[in-house]
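This structure is a prediction, so every number in the text was calculated from the model and none was measured. As the structure lists them, so they are numbered: ligands from 1, and atoms in each ligand from 1.
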Amino acid sequence: MEVINKIADLKVKVQSLKSAGKTIGLVPTMGALHRGHASLVERSVKENDVTIVSVFVNPTQFNDKNDLANYPRTFEADRDLLSSLGATIMFAPTAEEVYPEPDTRTFSYPPTDTVMEGAFRPGHFNGVCQIVSKLFEFTQPTHAYFGEKDFQQIAVIRAMAAEHFPGLNISPCPIVRENDGLALSSRNTLLAADERQIAPNIYKALKASVNYAKNHTVEETKQWTIDEINAVKGLEVQYYEIVDAATLASIKDWKDAEHVQGCITVFCGKTPIRLIDNINYK
Ligand code: AMP
């Protein structure tokens, strides 16, 4: 595996791969890699001639300076893992390399980027579109892989790709969980032992809510799920929305959408650590 830090070097490499007719899979990450990221890389390696994994903690998508400063960084372990998974290139640039000047581009895809994470983290999805569009441009991928853990992010990226990169395949990958149900996340390493113990109650409630939903309304199911999680000391729901999986608009009736997803954000512990998860209803 080759580690590349400079955009110019990456572009030269991509050009020669393209000329040789190779298909390119891209997996964008912020590092502190775990089995969730590994599942995306494994799929890309299987489906493409070459796989490029970017490891870059993108400052423009953080609306909280402390969150950016505390974000875990584990470069050596990431490099070893990616190499063992068969990735071709690890692209690990500095912030100065990616943003020699402030990126003033704006992206807007309502309601996908204005609801939920878009409402609670202003500017977050604009930053995501800034970095992902740059990565698409640098690597010219055939396929790009994203985890359903960030369910809303996939909808926003699909909209951005449809506008700027027609023909690029966006491939969603299922959420990888711990045995106790907690969705794997780089942020889980920031949880104290007692916080780690209560965190699985998020998925436990989401799963139970699918059963509850069978004979309750959308509004009842939403409130029941929030109450179940808030009843656990140390957990506090920031939002829970039951939405049309395609548009991310909230629904009133289970019949309002063909596919329905519940998307949640929960504060865990004293710090607190912000955890996201989601579940499919139909
Ligand atoms: P991040 O490094 O958190 O920006 O995540 C990079 C990619 O890995 C994103 O597409 C995430 O959705 C995906 N990802 C993160 N955690 C998981 C997980 N537990 N299961 C599946 N994909 C994940």
Side-chain angles (χ1 to χ4, degrees), residues 25-45 47 51-64 67-68 70-75 77-79 81-82 85 87 90-93 95 98 112 116-117 121 124-136 139 141 143-158 160-161 168-191 196 199-200 202-203 206-207 245 248 261 263-266 273-280:
L26 170 69
V27 183
T29 83
M30 298 205 298
L33 302 179
H34 50 63
R35 283 187 294 113
H37 300 107
S39 72
L40 274 57
V41 176
E42 279 165 352
R43 187 155 154 217
S44 175
V45 167
E47 295 180 355
T51 290
I52 302 176
V53 183
S54 59
V55 172
F56 177 62
V57 183
N58 174 40
T60 72
Q61 73 187 69
F62 284 81
N63 55 329
D64 175 344
D67 191 19
L68 174 61
N70 294 332
Y71 200 83
R73 288 161 171 89
T74 59
F75 177 82
D78 292 351
R79 185 193 51 206
L81 176 67
L82 293 177
L85 292 170
M90 175 185 189
F91 177 53
V98 176
T112 55
M116 302 190 289
E117 292 298 279
R121 300 182 69 187
H124 169 67
F125 285 122
N126 202 62
V128 168
C129 287
Q130 287 177 340
I131 185 60
V132 173
S133 62
K134 277 177 182 276
L135 292 169
F136 285 173
T139 61
H143 291 86
Y145 298 83
F146 295 90
E148 285 178 339
K149 155 108 187 321
D150 300 278
F151 193 83
Q152 188 174 3
Q153 174 171 274
I154 296 180
V156 174
I157 286 172
R158 272 192 201 287
M160 186 277 286
L168 163 55
N169 293 292
I170 305 297
S171 303
C173 304
I175 302 178
V176 177
R177 299 181 179 280
E178 299 284 3
N179 286 338
D180 58 16
L182 177 64
L184 262 62
S185 164
S186 305
R187 286 191 170 87
N188 291 354
T189 58
L190 303 174
L191 295 169
R196 175 64 188 81
I202 301 168
Y203 182 57
L206 289 181
K207 232 172 42 176
L248 301 186
Q261 206 78 10
C263 298
I264 198 156
T265 291
V266 179
I273 306 299
R274 195 170 178 277
L275 300 174
I276 67 170
D277 204 343
N278 63 83
I279 194 133
N280 179 257

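- The shortest side-chain heavy-atom distance between S186 and N188 does not fall under the 4.5 Å cut-off.
- In this structure, the protein non-hydrogen atom closest to atom 20 (N) of ligand 1 is V176 N, 2.9 Å.
- The shortest contact between atom 12 (O) of ligand 1 and any protein heavy atom is with D150 OD2, 2.6 Å.
- Under 4.0 angstrom from ligand 1, there are no non-hydrogen atoms of F56.
- Between P141 and L168, the shortest heavy-atom contact is O-CD1, 3.5 Å.
- Scanning the protein for heavy atoms near atom 4 (O) of ligand 1, the closest one is M30 CG, 3.6 Å.
- Contact annotation: H34 has at least one heavy atom less than 4.0 Å from an atom of ligand 1.
- Counting heavy atoms from C-beta outward, Y145 and E47 have side chains that approach closer than 4.5 Å.
- Protein heavy atom nearest atom 7 (C) of ligand 1, with residue, atom name and distance: P28 O, 3.6 Å.
- In terms of protein heavy atoms, atom 10 (O) of ligand 1 is closest to G147 N, 2.9 Å.
- Counting only residues at least two apart or in different chains, side-chain hydrogen bond (donor to acceptor under 3.5 Å, both in side chains) contacts with residues 147-156 are absent.
- Side-chain contact of T60 with N58: a donor-acceptor pair under 3.5 Å is present, judged by distance alone.
- Remark: ligand 1 and H37 share an N or O pair separated by less than 3.5 Å (distance only, no angle test).
- Ligand 1 has an N or O atom lying under 3.5 Å from an N or O atom of L184, backbone or side chain.
- Here S186 has no heavy atoms under 4.0 Å from ligand 1, in either its backbone or its side chain.
- Near L40, the atoms of ligand 1 lying under 4.0 angstrom from a non-hydrogen atom of the residue are 7 (C), 8 (O), 10 (O), 13 (C), 22 (N).
- With S54 as reference, L135 is the one residue of V132, L135, T29 to meet the side chain to side chain contact (heavy atoms under 4.5 Å, CB included) rule.
- The shortest N or O to N or O distance between K149 and ligand 1 is not below 3.5 Å.
- When non-hydrogen atoms are compared, ligand 1 lies under 4.0 Å from neither the backbone nor the side chain of V27.
- Among all protein heavy atoms, the one lying closest to atom 3 (O) of ligand 1 is Y71 OH, 3.8 Å.
- Note: F91 and F56 fail the aromatic proximity criterion, with ring centroids not under 6.0 Å apart.
- Atom numbering of ligand 1 starts at 1 in the shown order; those under 4.0 Å from a heavy atom of T29 are 2 (O), 6 (C).
- Looking at heavy atoms from C-beta onward, L206 lies in side-chain contact with D277 at the 4.5 angstrom threshold.
- Between R274 and D67 there is no salt bridge, since none of the side-chain N atoms of the basic residue sits less than 4.0 Å from a carboxylate O of the acidic one.
- Scanning all protein heavy atoms for the shortest distance to atom 21 (C) of ligand 1 gives P174 O, 3.4 Å.
- Contact check for V98 versus Q130: no side-chain heavy atoms found under the 4.5 Å cut-off.
- The list of salt bridge (charged side-chain N to carboxylate O under 4.0 Å, His left out) pairs with a residue in residues 31-40, not counting sequence neighbours, reads R35-E178.
- Residue-ligand proximity, I175 to ligand 1, at heavy-atom distances under 4.0 Å covers atoms 20 (N), 21 (C).
- Annotation: F146 places no N or O atom under 3.5 Å from an N or O atom of ligand 1; distance criterion only.
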